[in-house]
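First comes the structure, then the notes that go with it.
The structure presented is a predicted model; accordingly, all values stated were derived computationally and were not measured. Numbered from 1 within each chain, the chains take letters A, B, ... in sequence-line order.
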Amino acid sequence: MRTVRRTSSAALVAGLDGVTVRGVERRGKYLVLRFDEGARAMIHLRMSGQVLIAGRTDPRPAHTHVVMGLSDDAERGRGEEVRFVDPRTFGEVVAYREADAAVLVPELDRLGWDPLLEPEAMTPRRWRALLAGRRRQLKALLLDQHPVAGIGNIYSDEILHRARLRPGRRSDDLSAQQARRLLGTIGEVLAEAVAHGGSSLRDAQYVDVDGRQGGYQAFHRVVDKEGHWCGTCDRARIRRSVAAGRSSYWCPWCQR
DNA sequence: AAACAAACCTGTGCGC
DNA sequence: TGCGCACAGGTTTGTT
């Protein structure tokens, strides 16, 4: 099936059969499961993927592509399984050996600064150099996982609104103050979004492992609000345009 | 170097 | 009610 495309399904099953979970990590938008003996799994949800934990006897949702049975566990209860569900099949599950990571999941090595994992690693000075060293639209730069990892279309717009910068603004055209403000808002918006369980939009695709929707969409200032009066300045209506090939929402008054 | 389009898919919401 | 079309959270690849 398309969800398992870098290896055979048989290799995925063989690679994960009987292993013990040692850790679960997030790196940018990638999930990495660490098992004993160097076994690993990478999961990416892309547009419509979900990772759910449910009882083995609960009906499996449509588009369940990968199922990992769990041993009985006193804390969570008995008879549970991890399911990867993904209608659009853009998402991916890869099982690999730690030693083969560079070959099978090379993108993990190319991920940029992760604002939540290592907030202090990006100093204002480094950040200014990063911005000045390219001549890119801020929106495109935030969406690019190589300089900064973990920001998608929703949070790039929310970050730029809070930083009061337009999506099409050039990265090498910011004052020191604007650059500092942008750096600060990246961490703030991401941390708040995580605290509220992320953002679930109209189609409610984004849910946690228990199937619960996020709550941060209630705090969105611009995303999905084309034509609404801006709740921050109350002086302009939110506009929608295409930047970096993606739908972008912004306030013409707040953002310059 | 950076911008853009297309490709990978299915589901949903809208206008008619 | 139903049909066709536009569009959707991401990433890679190839072309201007």
Legend entry - Sugar-phosphate only, base, or nothing, as touched by A/G152 at under 4.0 Å among non-hydrogen atoms: sugar-phosphate
Inset, instruction - Check the distance between C/dT11's P and A/L143's CG and give it to me in whole angstrom. - result: 9 Å
Inset, instruction - Look only at the side chain of A/R27 and the backbone of A/D109, and say whether a donor-acceptor pair between them is shorter than 3.5 Å. - result: no
Legend entry - A/R26 atom CZ, neighbour heavy-atom count above 12 within 6.0 Å: yes
Inset, instruction - List the atom of A/H63, the atom of A/P87, and the distance in Å for their closest heavy-atom pair. - result: CG-CA, 3.6 Å
Inset, instruction - Specify the closest pair of heavy atoms between A/H146 and A/R110, including all atoms of both residues, with the distance to one decimal. - result: CD2-O, 3.3 Å
Inset, instruction - Check whether any side-chain N or O of A/R136 sits under 4.0 Å from OP1 or OP2 of B/dA1, and answer yes or no. - result: no
Inset, instruction - To the nearest 0.5 Å, tell me how far A/L131 CG sits from A/L141 CG. - result: 6.0 Å
Inset, instruction - Select from A/Y206 and A/H146 the residue whose nearest nucleotide in DNA chain C is closer to the 5' end of that strand. - result: A/Y206
Inset, instruction - Can you establish whether the number of heavy atoms outside A/E37 located under 6.0 Å from its atom CD is more than 12? - result: no
Inset, instruction - Check every atom of B/dA2, B/dC9, C/dT11 against the side chain of A/R246 and return the nucleotide holding the closest atom. - result: C/dT11
Inset, instruction - Using the criterion of both pairing distances under 3.5 Å for Watson-Crick and G-U wobble pairs, give all stems of 3 or more consecutive pairs involving DNA chain C. - result: B:2-8 with C:10-16, B:10-16 with C:2-8
Inset, instruction - Kindly say whether A/R134 contributes a backbone atom to a donor-acceptor pair with the side chain of A/S171 at under 3.5 angstrom? - result: yes
Inset, instruction - Would you please confirm or rule out a distance under 4.0 Å between OP1 or OP2 of C/dT12 and any side-chain N or O of A/R6? - result: no
Legend entry - Distance, rounded to the nearest Å, where A/M42 contributes CE and C/dG10 contributes P: 15 Å
Inset, instruction - Tell me whether the OP1 or OP2 atom of C/dT11 has a side-chain N or O from A/Q145 closer than 4.0 Å. - result: yes
Inset, instruction - Could you check how far CD of A/E107 sits from C1' of C/dT12, rounded to whole Å? - result: 10 Å
Inset, instruction - Whole angstrom is fine here: how far is it from CZ in A/R5 over to C1' in C/dT12? - result: 11 Å
Legend entry - Within 45° cone of A/F90 ring axis and under 6.0 Å: A/R88 NZ or CZ: yes
Inset, instruction - May I have the distance from A/L142 (atom CG) to B/dA2 (atom P), rounded to whole angstrom? - result: 14 Å
Inset, instruction - Specify the separation, in whole Å, of atom NE2 of A/H44 and atom C1' of B/dC8. - result: 14 Å
Inset, instruction - Give a yes/no on whether any side-chain N or O of A/R240 is located under 4.0 angstrom from OP1 or OP2 of C/dA8. - result: yes
Inset, instruction - If the plane angle is over 60° it's perpendicular, under 30° parallel, otherwise tilted; pick one for A/Y216 and A/H220. - result: perpendicular
Under 3.5 Å between N/O atoms: give me all the protein pairs with nucleotides 11-16 of chain B, atom names plus distance.
{"residue": "B/dG11", "atom": "OP1", "partner": "A/H63", "partner atom": "NE2", "Å": "2.5"}

Inset, instruction - Look at the side-chain N and O atoms of A/S247 and state whether any lies under 4.0 Å from the OP1 or OP2 oxygen of C/dA8. - result: yes
